[in-house]
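The model shown is predicted, which means the values in this text are computed figures rather than measured ones. Worth knowing before you read on, the calculation uses all heavy atoms, side chains too, and leaves out hydrogens, waters and symmetry mates.
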Amino acid sequence: TDGFVLTTKGASANPVWAAAGGGAVELLDYEDFGSDAASYTKTFSPALTADDYSQFILAISGKTDAVNAIPTIIFSGSASNVYATGATIAGSGVRTALAVSGVAPLSIGNETTIPSANVNFTCLISMTINPTASYLSGYMTTMNVDGILSEQKWFEVGTANISSVEIEMSSTGKFKADTRL
């Protein structure tokens, strides 16, 4: 049929003809903290899978209220299988030059990017679920807006879906009111 394309969806090995589409952006959640908070969790029911969405983008902007209050992120409650810091990930899923962290949570900033209290930071995370290898992979950039300092990292999390996203402080401290996720 005119306007149809050959496509597959998720782990299916059988291609089908379907109407051309895609490219749409859907806002799944927006949270603007009304007061200081040590953490925030967004739970998805049902969990987000590669069959539902091909790519995800998370944006976090705000301030911390304490010196060295390092913001962290946890996907799907994963307490392990977090890999971070510099990698090349081929289309086949082969990973090279990947330094294994092996622990959660994954920091979205450090003492360099967020060296003191009341520092404005912005974190942009682009990620996808690899349906064949059952892991979440992505690229994260965090920037200290006040000092123009930044940190970038690749990461992987051993999960086949996104059931929740939690941001929290790894040390004492809170996200200031008006932090946005």
Side-chain angles (χ1 to χ4, degrees), residues 1-33 37 39-62 71-109 122-142 151-168 175 179-181:
T1 304
D2 188 28
F4 275 47
V5 295
L6 191 60
T7 186
T8 60
K9 187 170 184 176
S12 172
N14 301 319
V16 296
W17 290 101
V25 175
E26 180 181 350
L27 178 63
L28 298 177
D29 190 43
Y30 174 82
E31 181 68 25
D32 192 350
F33 293 15
S39 67
Y40 173 76
T41 301
K42 171 61 181 173
T43 302
F44 298 98
S45 181
L48 306 177
T49 68
D51 288 339
D52 301 318
Y53 300 96
S54 60
Q55 295 181 336
F56 305 88
I57 297 174
L58 283 173
I60 306 164
S61 65
T72 60
I73 191 164
I74 299 171
F75 297 99
S76 299
S78 178
S80 63
N81 299 319
V82 176
Y83 304 92
T85 66
T88 299
I89 302 175
S92 64
V94 174
R95 299 174 299 279
T96 60
L98 189 65
V100 178
S101 169
V103 296
L106 180 63
S107 69
I108 61 174
T122 298
C123 178
L124 182 61
I125 303 169
S126 174
M127 60 191 158
T128 187
I129 295 174
N130 183 324
T132 57
S134 297
Y135 64 79
L136 175 68
S137 61
Y139 184 77
M140 177 185 322
T141 300
T142 303
E151 173 185 4
Q152 297 83 33
K153 64 177 77 172
W154 289 98
F155 66 89
E156 294 180 5
V157 178
T159 182
N161 60 51
I162 301 175
S163 59
S164 63
V165 175
E166 179 181 2
I167 58 172
E168 65 180 14
F175 294 99
T179 292
R180 290 162 292 286
L181 170 64

S126: what forms a side-chain hydrogen bond (donor to acceptor under 3.5 Å, both in side chains) with it, not counting sequence neighbours?
none

Ring centers of Y40, F33 separated by less than 6.0 Å
yes

With rounding to the nearest 0.5 angstrom, report the CD1 to CZ distance, I125 to F75.
4.5 Å

Rounded to the nearest 0.5 angstrom, the CD-NZ distance for E31 and K42 is 9.0 Å

Non-hydrogen side-chain atoms of I162 and F56 separated by less than 4.5 Å
yes

Contacts of S164 meeting side chain to side chain contact (heavy atoms under 4.5 Å, CB included) (sequence neighbours excluded), chain-then-number -> T41, T43

By side chain to side chain contact (heavy atoms under 4.5 Å, CB included), which residues pair with T159, not counting sequence neighbours?
S76, L136, V157, N161

List for me each residue that meets side-chain hydrogen bond (donor to acceptor under 3.5 Å, both in side chains) alongside D32, sequence neighbours excluded, and say none if there are none.
none

Just how far is it from atom CE of M140 to atom CD1 of I73, taken to the nearest 0.5 Å?
6.0 Å

Rounded to the nearest 0.5 Å, what separation is found between the CD atom of E168 and the CZ atom of F175?
8.0 Å

Shortest non-hydrogen separation from D29 to L27 and the atoms involved
O-CD1, 3.3 Å

Rounded to the nearest 0.5 Å, the OG1 atom of T142 sits from the CD1 atom of I60 at a distance of 7.5 Å

Quick one: side chain to side chain contact (heavy atoms under 4.5 Å, CB included) partners of T128, sequence neighbours excluded?
S137

State, yes or no, whether a side-chain contact exists between I108 and T72 at a heavy-atom distance under 4.5 Å.
no

Can you name the side chain to side chain contact (heavy atoms under 4.5 Å, CB included) partners of L28, sequence neighbours left out?
E26, F44, L48, Y53

